[in-house]
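Order of listing sets the numbers, starting from 1, for every ligand and every atom in it. Reckoned from all heavy atoms, side chains included, excluding hydrogens, waters and symmetry mates.
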Amino acid sequence: MQYATVGFPRIGLNRELKWATEKYFRNELDAKSLTEQAADLRAAQWKVQQDAGNAFIPSNDYSLYDSVLDAAFMLNAIPERYRALNIDDTSTYFAMARGHQDSHGDVRAFAMKKWFNTNYHYIVPELDDTAELKLKSEAFLDGFKQAAKLGIKTKPVVIGPFTFLKLATYTGKKTAKDFEGDIIQAYIDVLKACNANGVEWLQMDEPYLVMDLTKEDIQHFTRLYSQILAAKGTTKVLLQTYFGDVRDCYQDICALPFDGIGLDFVEGKQTAALIAQYGFPADKTLFAGLINGKNIWRSNYAKVLKILKSLKVINPSVVLSTSCSLLHVPYTVKNEPRLGEDVSRHFAFAYEKLDEMREICRLSDLPDYTKDPAFTANQALHQSSLRSDADVRARTDALTEDDFHRQMPRKERQNLQHKRLGLPLLPTTTIGSFPQTAAVKGNRAKFRRGEISESEYRANAKAFIKDCIALQEKIGLDVLVHGEFERNDMVEFFGENLAGYVFTDNAWVQSYGTRGLKPPIIFGDIKREKSITTDYIAYANSLTDKDVKGMLTGPVTILNWSFPREDITIEEMMNQIALAIRDEVMELEKAGVRIIQIDEAALREKLPLRRADWHKDYLDAAIKAFRLCAAKVQPETQIHTHMCYSEFEDIIPEIDAMDADVITFEASRSKLAILDALKANHFETETGPGVYDIHSPRIPDTAEIEDAIREMLKRIPKEHLWVNPDCGLKTRGEKETVASLEHLVTAAKHIRAELA
Ligand code: GLN
Ligand code: ZN
């Protein structure tokens, strides 16, 4: 048995690629040195994979910024405005990634979007009517050639034409169909180059095949590949899919002359059933994605070996593989000495996954692996359960329907709340955080480094809160916030204050370009053992006659931005976190906080890729978990939520079903389109669509905000409309924040006067 990887992390063990690329951005490194450093880094990674016995080491999975951008570049999809800059290739590439501004011209970057259901963001290719798709150069084989010189055979990886055309945006009159002929020729040339250079396997990534496909989509795919594969020659082609199963097109792809097909058995819930039902063609190699490329837990060898055994019966040429690229996991557990052996032995980051696959291959070739020490050790590990907590289990077991329902229907609650809170029409507020000044960050850093005591740290945080309350009163906002000065990150902060989490020091995962994330790991049952925010928020509340809104992160967002467990369901994890947040909610209410916001910034992010799975696999549990947080407060207590994505036109009834009293969300950039959908769906939740964009330092003027409010009033009843920015202000400077909020308050006052 041999094994393969779909792709590998690329930022470098100590984020060397990030540091080098950022130096290049600052003109401290030239393009040649950057390319050389990147070449050294990828060589090191091939070596690691070669030593670990990987038979299908990927090349060209390495990218200076993003693989989809690489594909756009390879295919000459370079819009006119970048070509007109007349700058060198590397600069053009980065201009498409990040924009470009100098004497050559001023262009903005391509858009960026989330890569399927991951937290990675890809660069969205742009095709205008002048685009001439063709194989621009053979640069996609640079890695292959470099590795060959080092005596390492690699499998070049390219994004396939179907996924490329699906993900691209079309800025002119032309559509995907108009580019079909050219893109087919470009990929025929890719294959020719592979043949000429002695490439044995070419991997063509087509993750879009796991999405809901129409008949036309499948015909389109078939047209593309029947022509491309006709030019195959001696190079074998591996069709690689990931992030789900290919239930809509399994038989169609099996009928095409691919030499190998890579299928995802981890997220692809129907993959095994499809093979059982339709078999797998005898003339192809099955790359079985059984090792989770997205999560950090050790594999269960018994489960993997059992599936491998059944697959070998159907088709003897099975290659063990990862479910997707290992881009989505950190490099190695060896980088985390602080975790301790009893924790880290449960984890397999990229390097450890290589070891696992090598070991599974060896076991699978044995006549009886059950007595092998590697197998028994792995089974023992899987029997030792994670930190489980009897109290937590008792609480989740005892949950009944009643725990998910507030005591009074929303309309009646809203009346009570209006009377009690006495807010004006169009109440003004913010989303929670205020600018994180150097002093605010310094306070946290000093505390982390042990330079100040906890009481000094807290006293400083309270001083910031005091200033923030005074500032908001001066500006004249109606509902105030404490400012979130104690938080580095809205998920990490809660994770650190809940039992059940572990944190890494160096386990970075690429988010986009040179940016990385270090997701916390849910390692056991989640429990709130101490009060988290009440001291700060009650203090803020005591400083003013106005209401201060308590600020919490919701269970769905906390889960979505962490590495989840695999031994319990997402529903159980969400409910555990929700109960912890509920304790905090109840404590805030008891402390006299009359408005509580539970942020669900990431609610939409993990929506399953297929519509049929939306409810049963995710939304039902997510909505219930949110409701669980807030169900037990008094009807008079007003529950807010906040979401960052406004692209939720398709789940408006579900958002209403969260049964919050008020929702704020990002809307200023999406041209308020969402508001029509809210109206059409008879949205009941009071609504604060952001009236200005906080992602830019630009200060909106009063008239502009008034216009936005007027537009909103066309679709939202005035009793239901709130006025606020579109997200937290923590990344903004102080000056622009004050000016923007002053304009916001003035605008709300003007419109109120108009309405009166
Ligand atoms: N309350 C958070 C803040 O204001 C919300 C952040 C977010 O939506 N990403 O920072
Ligand atoms: Zn937000």
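- Ion pair Glu584/Arg528 flagged as a salt bridge, since at least one NZ, NE, NH1 or NH2 atom sits closer than 4.0 Å to an Asp/Glu carboxylate oxygen.
- Side-chain atoms of His640 never come within 3.5 Å of backbone atoms of Val662 as a donor-acceptor pair (strictly under, hydrogens ignored).
- Interface atoms of ligand 1 facing Gly432, defined by a heavy-atom separation under 4.0 Å, are 4 (O).
- A salt bridge does not link Arg604 to Glu600: none of the charged nitrogens lies less than 4.0 Å from a carboxylate oxygen.
- With respect to Asp403, the salt bridge (Lys or Arg N to Asp or Glu O under 4.0 Å) criterion is satisfied by exactly one of Arg627, Arg395, Arg582: Arg582.
- With salt bridges taken as basic N to acidic carboxylate O contacts below 4.0 Å, one links Asp659 and Arg413.
- Aromatic pair Phe563/His328: centroids not less than 6.0 angstrom apart.
- In terms of polar-atom proximity, Ile431 is counted as a contact of ligand 1, with an N or O under 3.5 Å from an N or O of the ligand.
- For ligand 1, the atoms lying closer than 4.0 Å to a non-hydrogen atom of Cys727 are 7 (C), 8 (O), 9 (N).
- At a heavy-atom distance under 4.0 Å, only side-chain atoms of Glu484, from C-beta outward, approach ligand 1.
- A donor-acceptor distance shorter than 3.5 angstrom exists from the side chain of Ser562 to the backbone of Ile558, with no hydrogens or angles considered.
- Atoms of ligand 1 lying under 4.0 Å from at least one heavy atom of His642, given by number and element, are 8 (O).
- Annotation for ligand 1: atoms under 4.0 Å from non-hydrogen atoms of Gly728 are 3 (C), 4 (O), 10 (O).
- From the protein, the heavy atom lying nearest to atom 1 (N) of ligand 1 is Asp599 OD2, 2.6 Å.
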Checklist entry - Run the ring-ring contact (aromatic ring centres under 6.0 Å, His included) check on Phe665 and Phe648 step by step: do they pass? => result CA-CA 10 Å; Phe665 55 82; Phe648 45 65; 5.1 Å; yes

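- Near Ser433, the atoms of ligand 1 lying under 4.0 angstrom from a non-hydrogen atom of the residue are 3 (C), 4 (O), 10 (O).
- When each atom of ligand 1 is checked for a heavy atom of Cys644 under 4.0 Å away, the hits are 7 (C), 8 (O), 9 (N).
- Of all protein N/O/S atoms, those under 2.8 Å from the Zn ion (ligand 2) are His642 NE2, Cys644 SG, Cys727 SG, and waters are not counted.
- Regarding atom 6 (C) of ligand 1, its nearest protein heavy-atom neighbour is Met490 SD, 3.5 Å.
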